[in-house]
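Let me begin by presenting the structure, written as structure tokens, before commenting on it.
In what follows, chains carry the letters A, B, and so on, assigned in the order in which the sequence lines appear, proteins first and then strands, with residues in each chain numbered from 1.
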Amino acid sequence: MDYLKSLNPEQKAAVINTEGATMVIAGAGSGKTRVLTYRIAHMIKNGVDPFNILALTFTNKAAKEMKDRIAQIIGGSEAKNISMGTFHSVFSRILRHHADKLGYPSNFTIYDTQDSRSLIKAIVKELRLDDKTYKPNLILSRISSAKNNLISAAAYEANTDVVTEDRMSGKPRLFEVYRAYEKRCFMAGAMDFDDLLFKTNILLRDHADVLHYYQHKFKYVLVDEYQDTNYSQYLIVKKLAAAYTNICVVGDDAQSIYSFRGANIENILNFKNDYKDHKVFKLEQNYRSTQTIVNAANSVIAKNKDQIQKTVWTDNTEGNKIKVLRSLTDNEEGKAISNMIFEAKNHDGAANSDFAILYRTNAQSRSFEESLRKLNLPYKIYGGLSFYQRKEIKDLLAYFRLTANPTDEEALKRVINYPKRGIGKTTIEKIIITASQHGVSLWEVISEPQKYPSGIPSGAKTKLNAFVTSINSYAVQLEKIDAYSMAETIAKSSGILKDLYDDKSPEGVSRHENIQALLSGIKEFTETISEGETAFLSDFMVDVALLTDADQDKEEDKDKITLMTIHASKGLEFPYVYIVGLEENLFPSQLALNSRSELEEERRLFYVALTRAEKQATLSYASSRFRWGNIVTSEPSRFIEEIDPNHLEMLNQPRMNSMGGGRSMNQFNMERKLGSKKPLFSDRRRLTPVDEAKPKKPAKGTTAQQLDLKVGYNVVHERFGKGKVVGLEGTPPTKATVFFPKAGNKQLLLKFAKLEILD
DNA sequence: CTTGCAATGACTGAT
DNA sequence: TCATTGCAAG
């Protein structure tokens with residue numbers, strides 16, 4: 001058992017204790033994936049049938065990598081029998097198998113967020129509600145969190161608490177939207193992301209035989225990233241593991257960053273109550289990062305109140321200090337970071353793939369893309385608009401969806417008039433009204449017009465009829481010809497390919513290329529299926545909705561600089577990590593400043609970012625940044641101040657006295673010259689444009705210089721208000737402890753904190 | 001019904 | 001800044 005030798009005692013214990021309920025608390029970089037991998041391999045080596053193992057991971061890519069690794073260790077081809085993947089992909093498969101029990105077709109469509117939002121928009125309109133009050137995104141998140149807590153539309157309506165809540169917030173009819181949404185999804189034979197978990201719960205609740213079957217199939221259940229599971233997922237796991245209680249959950253409460261998706265840290269905290277006879281293993285040794293990075297990360301996370309006690313430590317070398325870079329604008333931030341990468345490559349001989357630029361929001365990628373491109377540094381962006389979310393791809397997929405499942409309402413609405421065939425808004429409205437009058441799907445109305453009189457003029461009827469005929473002609477071939485032939489037929493005969501080919505603009509060309517890329521992907525899929533079988537298009541469609549950018553790693557992307565959000569970086573590691581846009585209102589996000597728990601989640605997010613770095617971490621912020629078309633000034637993030645300053649190296653000093661003066665004005669004019677002729681401030685909205693920020697700086701008083709600050713002085717801080725200096729560190733002082741009546745004791749780095757001395 | 005232009009609002013995060 | 005929506009004219 002060679003593989004056991006490479007483990008430390010805690011890791012080994014977590015690997016070999018395969019029976020019973022087990023919780024592994026795994027600090028960042030502590031070899032969590034390794035433990036999970038070896039544990040499964042160990043079980044199989046000791047006679048457990050892979051068929052009896054269920055392993056739930058956070059991404060499909062992680063599942064694939066783990067499976068490959070297990071296959072390597074145990075040899076043979078057994079590993080492929082393990083049920084491994086994300087909750088969504090594993091249970092969507094199970095749901096398809098038993099769909100009839102829930103009244104769904106087995107080829108039900110999976111609605112992505114765009115589809116859900118569009119359906120909600122339509123419903124709000126049909127109910128004649130004001131879409132300013134009933135904002136689709138808000139309603140969607142409300143419905144989503146209801147589903148994640150297993151509250152159906154009927155239960156929602158009956159729940160006086162939530163209904164009152166909606167009434168208080170001016171949305172008394174929200175439950176009607178939920179009710180209609182639930183019904184329409186069902187009519188369309190569609191499930192949204194939350195349904196995949198919700199309906200699994202229903203299936204296991206209402207069908208004892210199914211529950212019994214899977215309880216005995218999955219004798220061993222393993223869950224990775226348990227801190228990011230929501231109630232719905234928690235309950236599925238609990239039900240499945242109830243027969244054998246061979247359940248192993250792995251997680252780190254300090255890395256819980258998905259509460260917006262309903263994730264509940266309580267799940268990990270309550271594990272011990274759910275399983276009385278359980279074992280806990282703590283992995284605390286970090287193998288990934290330098291001491292500097294580990295200690296800095298620890299000093300940050302220590303600020304959080306809600307956490308399981310543990311001490312992450314490392315044997316690794318001390319390493320370089322964490323660099324802190326200040327730039328004047330977001331564009332300069334991009335240039336500076338790109339130059340740093342360029343130099344690190346030359347100096348250390350590092351590969352492109354050793355670098356990652358991590359940001360809080362997808363919109364921040366632009367300045368880095370531009371500057372990297374100028375230096376000819378190859379990069380790859382993850383997240384943002386994924387391939388499968390592009391308009392042209394979704395259009396073609398909508399044809400595929402409609403062919404497989406004609407009741408799919410969102411797919412129908414998407415392509416009924418694309419490419420243009422003269423079916424307009426009024427016609428579609430009539431179809432929708434008729435469908436809801438008869439309680440049938442849109443497809444039934446248009447495919448049997450004589451049965452459902454809709455008052456559509458005969459001209460439009462002819463066009464609709466032609467559309468129905470073409471979809472039907474695809475449908476009869478669906479299970480006869482292979483996926484690629486089918487896809488190609490549809491792409492050509494629907495007119496999509498021609499429509500894009502005719503568009504000679506650069507965007508049009510790239511859209512055409514994307515379609516070709518999708519088709520060749522389908523071709524590859526068709527060819528990789530085993531001998532003697534045919535891969536149908538419906539097989540390809542099964543998990544297309546669940547694919548993400550991260551799941552496909554292309555060969556040509558092997559040696560590239562990685563650009564991604566911190567959320568997307570979970571579980572990854574890079575020698576050099578640049579955490580950028582560390583500014584108040586951006587990171588932490590202004591939306592998270594209202595409550596302690598939200599701020600703590602932002603802090604955990606920062607912790608995750610920092611602990612991605614193996615060798616060198618660099619933090620960066622800009623004093624002003626383009627947002628919504630105008631320039632906003634920004635302050636360095638509080639998270640920089642929260643790191644023990646001994647671990648930091650300031651690359652350039654802020655110029656304290658120049659903030660309100662000439663410099664920012666010059667900067668401002670420069671940006672203006674480069675930009676458009678638009679008015680300077682389209683007085684649009686909040687987020688202090690520069691000219692509003694200035695009055696906040698009173699002319700009187702002095703800016704705190706390190707030298708003249710003394711214990712006992714009264715000071716004013718921009719965020720915390722008045723306070724008194726109670727402690728100073730360093731000579732000259734670099735860090736001050738200040739007591740603020742409003743905010744309590746705060747440790748402030750004098751390099752960042754703009755303290756004004758009052759006396 | 002389609003086209004083109006002006007007005008508008010959006011930026012967390014992602015299966 | 002960008003993408004979506006509303007409106008007027010053909």
Residue pairs meeting side-chain hydrogen bond (donor to acceptor under 3.5 Å, both in side chains), one or both in residues 424-434 of chain A, sequence neighbours left out, come to none

Between A:K394 and A:D112, is there a salt bridge with N-O shorter than 4.0 Å? yes

For A:K121 and C:dA3, what is the distance between atoms NZ and P respectively, to the nearest whole Å? 14 Å

Atom-to-atom span, CG of A:D131 to P of B:dA10 - whole angstrom: 10 Å

Let me know the distance between NZ of A:K132 and P of C:dT4, rounded to the nearest Å. 17 Å

Tell me, which of residues 133-148 of chain A have any heavy atom that sits under 4.0 Å from an atom in DNA chain B? A:K135, A:N137

What pairs with A:N149 under side-chain contact (heavy atoms from CB on, under 4.5 Å), at least two apart in sequence or on another chain? A:I151, A:Y231

Using a cut-off of under 3.5 Å, enumerate the N/O to N/O pairs linking the protein to nucleotides 12-14 of chain B.
residue, atom, partner, partner atom, Å
B:dT12, O2, A:R360, NH1, 2.7
B:dT12, O2, A:R360, NH2, 2.1
B:dG13, OP1, A:N362, N, 2.5
B:dA14, OP1, A:T565, OG1, 2.9
B:dA14, OP2, A:N362, ND2, 3.2

With nearest nucleotides of DNA chain B determined for A:T426 and A:A545 from heavy-atom distances, which residue corresponds to the more 5′ nucleotide? A:T426

Below 4.0 angstrom, N of the basic side chain to O of the carboxylate: do A:D115 and A:R401 qualify? yes

All ring-ring contact (aromatic ring centres under 6.0 Å, His included) counterparts of A:F540, not counting sequence neighbours: A:F525

Would you jot down, in residue-number order, the residues of residues 85-98 of chain A having a non-hydrogen atom under 4.0 Å from DNA chain B? A:T86, A:H88

Between atom CG in A:D115 and atom C1' in B:dT15, what is the gap in whole Å? 14 Å

List, one per line, each side-chain donor-acceptor pair under 3.5 Å for residues 233-240 of chain A, sequence neighbours excluded.
residue, atom, partner, partner atom, Å
A:Q233, OE1, A:N230, N, 2.8
A:Y234, OH, A:D274, OD1, 3.3
A:Y234, OH, A:D274, OD2, 2.6

Give a yes or no on whether a salt bridge exists between A:E410 and A:K413, defined as a side-chain N under 4.0 angstrom from a carboxylate O. yes

Please determine if A:R638 and A:E642 form a salt bridge, counting it only when a charged side-chain N lies under 4.0 Å from a carboxylate O. no

Holding to ring-ring contact (aromatic ring centres under 6.0 Å, His included), I want the full list of residues that pass it with A:F467, two or more places apart in sequence or in another chain. none

Counterpart residues, ring-ring contact (aromatic ring centres under 6.0 Å, His included), relative to A:Y359 (two or more places apart): none

Whole Å only: how far is the CZ atom of A:R511 from the C1' atom of C:dA3? 13 Å

Under 3.5 Å, is there a donor on one side chain and an acceptor on the other for A:S367 and A:D330? no

Detail all sub-3.5 Å separations between protein N/O atoms and N/O atoms belonging to nucleotides 2-6 of chain B.
residue, atom, partner, partner atom, Å
B:dT2, OP1, A:G422, N, 3.1
B:dT2, OP2, A:N417, ND2, 3.4
B:dT3, OP2, A:K420, NZ, 3.3

What I want to find out is whether A:R373 reaches A:E370 closely enough, with some N-O distance under 4.0 Å, to be called a salt bridge. no

Show the distances under 3.5 angstrom between N or O atoms of the protein and N or O atoms of nucleotides 8-10 of chain C.
none

Please list, chain by chain and in numerical order, all residues satisfying side-chain hydrogen bond (donor to acceptor under 3.5 Å, both in side chains) with A:D539, sequence neighbours excluded. none

Do we see a donor-acceptor contact under 3.5 Å between the side chains of A:N201 and A:S232? yes

salt_bridge(A:K391, A:D395) N-O dist < 4.0 Å: yes

Sidechain N-carboxylate O distance under 4.0 Å for A:D224, A:K32: yes

